[in-house]
Amino acid sequence: MKIKTKDQLPDTEIFQLIDGEPQKSNLREIIGNGKIVLFGLPGAFTSTCSKLHLPGFVANADKIKAKGIENIFCLSVNDPYVMNGWGEINNTGDKIKMLSDPYLLFTKAIGAEVDRNAKGMGIRSNRYLMVIENFTIVNIHVEKETKECDLTSAENLLNNLI
């Protein structure tokens, strides 16, 4: 990834499903100026994402927010309907806000795109975790392989990053 600690996040367009309709906004509008966590992953309903990554954040959201994190955001290259449906199935509720980067604008801007064409998935996002304050990256971790979820787990965040 080309983005690193102390960098400002690129303010690209991101989608969310709001009241059943896709809404496009700039990332800055969505995440605001507080201290937040943003984690990115290859795709909704994929094995590691569904078994470990998102469920870990759902289970630990209250503990993470108790350490001064205002909001937790999950971002993937899926469309907003898929991200919303995946969030509902995983009971994200108000704990985690599901964001969609269907055109890879943010993913490419931070250098997180990975080619998964050989697996029939197209271009996806690497698995990463960022702590962001006032749109500046305070801490960032990136997995070497998308199937791994150690550095970017909610547990690692709680134990080592905030």
Inset, instruction - Specify the closest pair of heavy atoms between Y128 and F106, including all atoms of both residues, with the distance to one decimal. - result: OH-CE2, 3.4 Å

Legend entry - Closest contact, heavy atoms only, I72 versus I64: CD1-CG2, 3.9 Å

Inset, instruction - Not counting sequence neighbours, list each pair that qualifies as a side-chain hydrogen bond (donor to acceptor under 3.5 Å, both in side chains) and has a residue in residues 70-81. - result: N71-K97, S76-N78

Legend entry - Spatial distance of atom CG (L151) from atom CD1 (I140) [nearest 0.5 Å]: 11.5 Å

Inset, instruction - Search all heavy atoms of T146 against all heavy atoms of R127 and return the closest pair with its distance. - result: O-NH2, 2.6 Å

Inset, instruction - Determine the interplanar angle of the F39 and F57 rings, folded into 0 to 90°, and report it as parallel if under 30°, tilted if 30 to 60°, perpendicular if over 60°. - result: parallel

Inset, instruction - For S50 and P55, work out which heavy atoms get closest and say how close. - result: O-CG, 3.0 Å

Inset, instruction - Please examine the side chains of E133 and V131, heavy atoms only from C-beta on, and report whether any two atoms are closer than 4.5 Å. - result: no

Legend entry - Neighbour count above 12 (heavy atom, 6.0 Å) for K95 NZ: yes

Inset, instruction - Using the salt bridge (charged side-chain N to carboxylate O under 4.0 Å, His left out) rule, collect all pairs that involve residues 8-28, keeping only residues at least two apart or in two chains. - result: E13-K24

Inset, instruction - Can you see which heavy atom on A109 is nearest to which on T12, and at what distance? - result: CB-CG2, 4.1 Å

Legend entry - M130 versus L9, closest heavy-atom pair with distance: SD-CD2, 3.7 Å

